[in-house]
Protein chains: 2
Amino acid sequence: MAPTEKTDLLQGTLDMLILKIVALGPVHGYGISQRIRQISKEVLNVQQGSLYPALHRLEKRGWLSAEWGDSENGREAKFYKLSAKGRRQLAQEEASWNRLSQAVELILGAAQQEA
Amino acid sequence: MAPTEKTDLLQGTLDMLILKIVALGPVHGYGISQRIRQISKEVLNVQQGSLYPALHRLEKRGWLSAEWGDSENGREAKFYKLSAKGRRQLAQEEASWNRLSQAVELILGAAQQEA
DNA sequence: TTTCTATGCATAGATAGTCTATGGTTCCGG
DNA sequence: CCGGAACCATAGACTATCTATGCATAGAAA
């Protein structure tokens, strides 16, 4: 999908974003989406239908571990923690993101030359 | 798809990259993929199976116009030009890219605080 | 009381972009 | 003569994300 105003995310970055947020400390799923929205200043908005499947995917790959607990509001919530494997994965995804986004910037920075 | 080393592109940026390259001047399809690779310093690599469908898509949407002509090597090639509509679309996609990539950077820049 | 919103989890199905694999033609160099 | 690069193209698979939907509880508002 083209990154137009219809998209809530840059495709392919969701896993990295989740891993990064969880790296800041244990959080439950709903909290992850809130923090992504807040830190990105309301630009990035993870739909619940994207979030939960992603969390299950990351857990299945051994990058996150989950545990039920009580949320700040005293409600049941599933808290996620980053595993060592997840930490390595995050580093890799960040490196890849930097490579690729810088490459995109190179293209966008290419001088305009004609009418 | 996660932006790992298995990906040749940042998903969702292909249309923008193509529009940008064509904005530099008329080019044929094969040349577009070469320029993307060169300008990005061999980081971005557009597969032919991604390129040609994308070009047809962009043409159908009225962002590009195509015309057969002779390549630098004297071979038949389809040259693409950016339309006014395509120029507007490019501007929009660039703005969107900036918004979203900056938002991603905000997340990645969030301070690490614990073990 | 009823109703709406926020918090919290989850799945099914549609959409769509990109990749792999394949196919073909022409031209040039070894 | 053969291989590879220059060119175009399509079919099928994969997979990430979105939309739509479902459920439950708590608190505020009406």
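Values below: all heavy atoms of this structure, side chains included; hydrogens, waters and symmetry mates excluded. Order of the sequence lines sets the chain letters (A, B, ...), proteins ahead of strands, with each chain counted from 1.
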Tabulate protein N/O versus nucleotide N/O from nucleotides 9-12 of chain C, keeping only pairs under 3.5 Å, one per line.
unit_1	atom_1	unit_2	atom_2	d
C/dC9	OP1	A/Lys78	N	2.8
C/dC9	OP1	A/Lys78	O	3.4
C/dC9	OP2	A/Tyr30	N	2.6
C/dC9	OP2	A/Tyr52	OH	2.9
C/dA10	OP1	A/Lys78	NZ	2.8
C/dA10	OP2	A/His56	NE2	3.1
C/dT11	OP2	A/His56	ND1	3.3

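- B/Leu9 CG to B/Gln11 CD: the interatomic distance, rounded to the nearest 0.5 Å, is 7.0 Å.
- The side chain to side chain donor-acceptor pair (under 3.5 Å) search around A/Glu42 returns none, not counting sequence neighbours.
- What separates CD of A/Gln11 from C1' of D/dC18 is a distance of 9 Å, to the nearest Å.
- In this structure, CZ in B/Arg99 is found 11.0 Å from CG in A/Leu10, a value given to the nearest 0.5 Å.
- When the salt bridge (charged side-chain N to carboxylate O under 4.0 Å, His left out) test is applied to A/Arg57, the partners found at least two apart in sequence or on another chain are A/Asp15.
- A/Lys41 NZ to B/Ile107 CD1: the interatomic distance, rounded to the nearest 0.5 Å, is 11.0 Å.
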Below 3.5 Å is the cut-off: list the nitrogen or oxygen pairs between protein and nucleotides 27-30 of chain C, distance only.
unit_1	atom_1	unit_2	atom_2	d
C/dC27	O4'	B/Arg75	NH2	3.3

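- Using a 4.0 Å cut-off, no side-chain N or O of B/Arg57 falls inside it from OP1 or OP2 of D/dT10.
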Throw together a table of side-chain donor-acceptor distances under 3.5 angstrom for residues 43-55 of chain B, partners on residues two or more places apart or in other chains.
unit_1	atom_1	unit_2	atom_2	d
B/Asn45	OD1	B/Arg37	NE	3.1
B/Gln47	NE2	B/Asp8	OD2	2.7

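- Closest to the side chain of B/Asp8, from the set C/dC19, C/dG8, D/dC18, is C/dC19.
- Between the side chains of B/Glu105 and A/Trp97, at least one donor N or O lies within less than 3.5 Å of an accepting N or O.
- Contacts of B/Gln34 classified as side chain to side chain donor-acceptor pair (under 3.5 Å), with partners at least two apart in sequence or in another chain: none.
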